[in-house]
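Predicted model, so just to flag it, every value in this text is computed and none were measured.
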Amino acid sequence: MWRMRRVAVACEVCQSLVKHNSGIKGSLPLQKLHLVSRSIYCSHHPTLKLQRPQLRTSFQQFSSLTNLPLRKLKLSPIKYGYQPCRNFWPARLAARLLKLRYLILGSAVGGGYTAKKTFDQWKDMIPDLSDYKWIVPDIVWEIDEYIDIEKIRKALPNSEDLAKLAPDIDKIVESLSLLKDFFTTGHKLVSEVIEASDLLLLLGSPGETAFRATDRGSESDKHYRKVSDKEKIDQLQEELLHTQLKYQRILERLEKENKELRKLVLQKDDKGIHHRKLKKSLIDMYSEVLDVLSDYDASYNTQDHLPRVVVVGDQSAGKTSVLEMIAQARIFPRGSGEMMTRSPVKVTLSEGPHHVALFKDSSREFDLTKEEDLAALRHEIELRMRKNVKEGCTVSPETISLNVKGPGLQRMVLVDLPGVINTVTSGMAPDTKETIFSISKAYMQNPNAIILCIQDGSVDAERSIVTDLVSQMDPHGRRTIFVLTKVDLAEKNVASPSRIQQIIEGKLFPMKALGYFAVVTGKGNSSESIEAIREYEEEFFQNSKLLKTSMLKAHQVTTRNLSLAVSDCFWKMVRESVEQQADSFKATRFNLETEWKNNYPRLRELDRNELFEKAKNEILDEVISLSQVTPKHWEEILQQSLWERVSTHVIENIYLPAAQTMNSGTFNTTVDIKLKQWTDKQLPNKAVEVAWETLQEEFSRFMTEPKGKEHDDIFDKLKEAVKEESIKRHKWNDFAEDSLRVIQHNALEDRSISDKQQWDAAIYFMEEALQARLKDTENAIENMIGPDWRKRWIYWKNRTQEQSVHNETKNELEKMLKCNEEHPAYLASDEITTVRKNLESRGVEVDPSLIKDTWHQVYRRHFLKTALNHCNLCRRGFYYYQRHFVDSELECNDVVLFWRIQRMLAITANTLRQQLTNTEVRRLEKNVKEVLEDFAEDNEKKVKLLTGKRVQLAEDLKKVREIQEKLDAFIEALHQEK
């Protein structure tokens, strides 16, 4: 504006010169006049070849237009050799050229266009504040109802119409240049006019951006000189770079202020100052959709084609550093040359009042402004990666979901993939390279995924692997953004800077891309802060030859510009594809619902979690039913199981050795000693084992017992797994054995049979035991000697040679027992020799050990038959027992022994039943609940135990419905934001 005022003053001075110039005599050389002025001069001066002295005026006493006096100028007379007439054409020419209306009109046209273009550029760079429209009063958004903006806009003249009315600026500049050469005395009048005309030229050239140096004070008195075109270009490029950096700093300052403002607003919302609750952000809603899709098994040809930014690159190319610069925090584990990214990491960037990070499955927030929380976050990510990697593998396809919030973050979803490798090194699985390729292709083959291809600028471009992979996935480059990292190292190491330009412009690779960017990710020090890296990046590009020589454009450098470009591309892709994906899931939902109705018309759609809850209730009901078992049933099965466990020990180790004694005293003594040893060492432990096994059997019976029509076989595997795990965790009370030992010892000490009923019960118990043992002995002998003559004739079976030898030996031993029915349990050596010689005489060769084995079974059968006969005699012996067998040859001490055993079994079963019903059943129920709770948290366990087409179909239906609902909510919010 000050220039316009100075131009106006110059016009007034020129007009005053025309009015008060009657005293000047002289003329200008014709060759320095404008064409129009030259034609005018020729009409008044027919002879123009006379030499004229140099013009000398009194203007030399003024140094600038601001010092011009207000009084009339008194000019000294000028005399030439030839003066046909007085003519003041310079002043008149200046007055005509510098008329105020031309200056105003030209300034309006050029200045308006430039201002409009600058405004559009600044508008594009201002962050989106649409989420905070509610801060501004409603009257501001409704102003278009009161003022017709469109009508006012149409009433304004078009810039092209104004440009037609503007004068020919080039002719004005040429004329003013002649005036400047004319006034060579150094006064300021014409220099200011030339400067004003230059300003008009810059403002009135549509479509051009000009940057002028503002410091002219030191050059005000210097002579104007022409510079070459190359120097002008260099100067303009230098000024353009400085101006862009200046605007960059201004924009960053505005963004910082906007960031603080948004942070303040969000903090106030958190404190409840505003009653209007903020809705969930778009990016959070979109991230939830992706989280559900990551758990969805793509059946029925339904694929995840929702957009996301896939970050791929060679190992150690700087992928993680670029992501950290975009997220504005050092959140990833770091290592020098070591593979750190072992599984995909989905990072959702969104705005928030505080710079925090949290995992999808955790409520803990990591404050990214504190180094302790940053270190904890990096450690947690590393632990999750190692947990995802299975044994024998190096990388895993399982995704880690991480949300990063903070003021000023660009909203988008990025997936950091493991770096592509060329060679499998020691310590890696053999299939690591192929696994990384398959993971990268799985993400990049999504037609709506944006591929952020990271290339290390510090190494030779020919060594890159990822560019070929990206070219295969996106050959036309319609969704690829190429990023060259470590440009600072590249500029130092690359001999030809044009090679970097070829890489950035995509001429060195066959790969095509939407955009090409160059960034600097720090000096290689892992302890550098994000702010330090950003300052270093800006300083590098400010002094870089790549930017000064226009090899790189200003919008192609810095991670801030990259972040803006990726975010814009991401949301453009989301808006273009999300509705199509929603329609695809609607079609999938319809197909799944139709399939369910056709296959399971009378069943509810229960997914895996709902089925687990139903099975859990059934299992708990079955555990509770254990407490409804009658005491009689418990005692019967406990007593029977315990006798089956200890019967062999009682017969073989207690009764048979005691029965070999010669009198009742020795028999009772032997029995007491044997029972005491058995009670102290083995019996309590055996009893607890029997009780625990009985509890397991009853629990299993209730778990596996079919429930008729209500039985659902889909729960069988789950119930079996719960039963086994509960039994494994259950431990019997350690004090049970000690108390049980005392009870059993007291029960075995009692020898008094109170009535005939107990006596008969003991005889009956003894007969059953002996008959069962006799039956087992008969079976053993039959297996030893082979089939008898009847089976041989009926079933056509023959004896083996060994069985024939055993049969001959058995017959010889039975002859010996017939001769001496009270033979002791063991054969003497001479008896063995006699039997062997008798067999040899009949042509049967036997071994002494074979004779002993056969004798054991033969004598055992003889003894058991004798004992059974004795039981029949003792049925009448209760009267003699009451008299202690005085004056009687009948002795029934073996019946008393079996009564003591029977009574001990009954008391032990009663004690174990009480412990089961009062303690162990409850503890088992508690273990079952714990197992069910653990299984409920283990998704892999549920997937393994609840399987089948019905379960999978219900799971797919639930997930498709959830995805569709979230997509519909997201699309609605997206339309509202528009």
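- Applying the side chain to side chain contact (heavy atoms under 4.5 Å, CB included) criterion to Glu965, with sequence neighbours excluded, gives no partner residue.
- Although no hydrogens or angles enter the test, the distance criterion places no donor-acceptor pair under 3.5 Å between the side chain of Ser362 and the main chain of Leu358.
- From Met444, atom CE reaches atom OG1 of Thr480 across 8.5 Å, with rounding to the nearest 0.5 Å.
- Under 3.5 Å, the side chains of Asn927 and Ser726 contain no donor-acceptor pair of N or O atoms.
- Lys360 and Asn403 form no side-chain donor-acceptor contact under 3.5 Å, judged by distance and modelled atom types alone.
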Worksheet entry | Chi angles and distances behind the side chain to side chain contact (heavy atoms under 4.5 Å, CB included) call for Ser440, Leu469 | CA-CA 9 Å; Ser440 302; Leu469 182 60; 4.0 Å; yes
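- Under the side-chain contact (heavy atoms from CB on, under 4.5 Å) rule, Leu306 has a single partner from Ile963, Leu967, Val413, which is Leu967.
- Of the possible polar contacts, none joining the Trp596 side chain to the Arg950 backbone as a donor-acceptor pair under 3.5 Å is found.
- Side-chain contact annotation: Asn448 with His305, donor-acceptor N/O pair under 3.5 Å absent.
- Side-chain contact annotation: Gln952 with Asp956, donor-acceptor N/O pair under 3.5 Å present.
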Worksheet entry | Candidate pair Ile451 and Val311, rule side chain to side chain contact (heavy atoms under 4.5 Å, CB included), full reasoning | CA-CA 6 Å; Ile451 303 173; Val311 185; over 6 Å; no
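- A side-chain donor-acceptor contact under 3.5 Å links Arg378 to the backbone of Arg330.
- Residues His975 and Glu579 come closest through the heavy atom pair NE2-OE2, 2.8 Å.
- Residues Ile331 and Val404 meet the side-chain proximity criterion, which asks for heavy atoms closer than 4.5 Å.
- Taking a cutoff of 4.0 Å between a charged side-chain nitrogen and a carboxylate oxygen, Glu720 and Lys723 qualify as a salt bridge.
- Put simply, the side chain of Glu324 gets close to the backbone of Phe332: a donor and an acceptor are under 3.5 Å apart.
- Between Lys405 and Glu365 there is no salt bridge, since no side-chain N of the basic residue sits under 4.0 Å from a carboxylate O of the acidic one.
- Looking at Leu946 and Lys717, their side chains never come closer than 4.5 Å, going by heavy atoms from C-beta outward.
- Of the possible polar contacts, none joining the Arg308 side chain to the Leu290 backbone as a donor-acceptor pair under 3.5 Å is found.
- Electrostatic pairing of Asp934 and Arg729 counts as a salt bridge here, judged by a charged N lying under 4.0 Å from a carboxylate O.
- For the atom pair CD of Glu434 and CD1 of Ile439, the computed distance is 11.5 Å after rounding to the nearest 0.5 Å.
- For Gln580, the CD atom counts as loosely surrounded, since its 6.0 Å shell holds 12 or fewer non-hydrogen atoms of other residues, nucleotides or ligands.
- When the shell of 6.0 Å around CZ of Phe590 is examined, it contains 12 or fewer heavy atoms from other residues, nucleotides or ligands.
- The shortest distance between side-chain heavy atoms of Thr467 and Gln455 falls below 4.5 Å.
- Electrostatic pairing of Arg961 and Glu593 counts as a salt bridge here, judged by a charged N lying under 4.0 Å from a carboxylate O.
- In this structure, the side chains of Lys616 and Leu620 come closer than 4.5 Å at one or more pairs of heavy atoms.
- The shortest heavy-atom contact between Trp571 and Leu974 is CZ3-CD1, 4.3 Å.
- Listed here is the closest heavy atom pair of Ser396 and Pro344: O-CD, 3.1 Å.
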Item to complete: Would you sort out whether Tyr443 and Val312 count as a side chain to side chain contact (heavy atoms under 4.5 Å, CB included), showing the intermediate values?
Response: CA-CA 10 Å; Tyr443 277 91; Val312 296; over 6 Å; no
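- Put simply, the side chain of Thr521 reaches to within 4.5 Å of the side chain of Val322, judged on heavy atoms.
- Here the side chain of Ser438 pairs a donor or acceptor atom with the backbone of Thr435 at under 3.5 angstrom.
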Worksheet item: Please walk me through it: do Phe699 and Leu626 pass side chain to side chain contact (heavy atoms under 4.5 Å, CB included)?
Response: CA-CA 7 Å; Phe699 179 53; Leu626 280 174; 3.9 Å; yes
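- Taking CD1 of Ile619 as the reference point, atom CG of Leu718 lies at 4.5 Å (rounded to 0.5 Å).
- Side-chain contact between Val395 and Val389: absent, with no pair of heavy atoms (C-beta onward) separated by less than 4.5 Å.
- Ion pairing of Arg384 with Asp361 is present here, as a side-chain N (NZ or NE/NH1/NH2) and a carboxylate O approach within less than 4.0 Å.
- Distance OG1/Thr399 to CG/Asp416: 11.5 Å, rounded to 0.5 Å.
- Lys586 places no side-chain N or O within donor-acceptor distance of the main-chain N or O of Gln964, the cut-off being under 3.5 Å.
- The shortest side-chain heavy-atom distance between Leu409 and His355 falls under the 4.5 Å cut-off.
- Counting only distance, with no hydrogens or angles, the side chain of Asp373 and the backbone of Asp367 share a donor-acceptor pair below 3.5 Å.
- One N or O on the side chain of Glu610 and one on the backbone of Asp607 form a donor-acceptor pair closer than 3.5 Å.
- Taking CD1 of Ile454 as the reference point, atom CG of Leu417 lies at 11.0 Å (rounded to 0.5 Å).
- Between Val415 and Val309, every side-chain heavy-atom pair lies at or beyond the 4.5 Å cut-off.
- The shortest heavy-atom contact between Ser343 and Met385 is OG-CG, 3.6 Å.
- Counting all heavy atoms, side chain and backbone alike, Phe570 lies closest to Pro307 at CE1-O, 3.7 Å.
- Separation of atoms OG (Ser401) and CD (Glu288) is listed at 10.0 Å; rounding is to 0.5 Å.
- Nearest heavy atom pair, residue Ser563 against residue Gln410, reads OG-CG, 3.1 Å.
- Under a 3.5 Å cut-off, the side chain of Tyr516 and the backbone N or O of Ala513 do form a donor-acceptor pair.
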Practice prompt. Just do the salt bridge (Lys or Arg N to Asp or Glu O under 4.0 Å) check on Glu622 and Lys719 with the steps written out, would you?
Written response: CA-CA 10 Å; Glu622 290 163 358; Lys719 290 181 178 180; 3.2 Å; yes
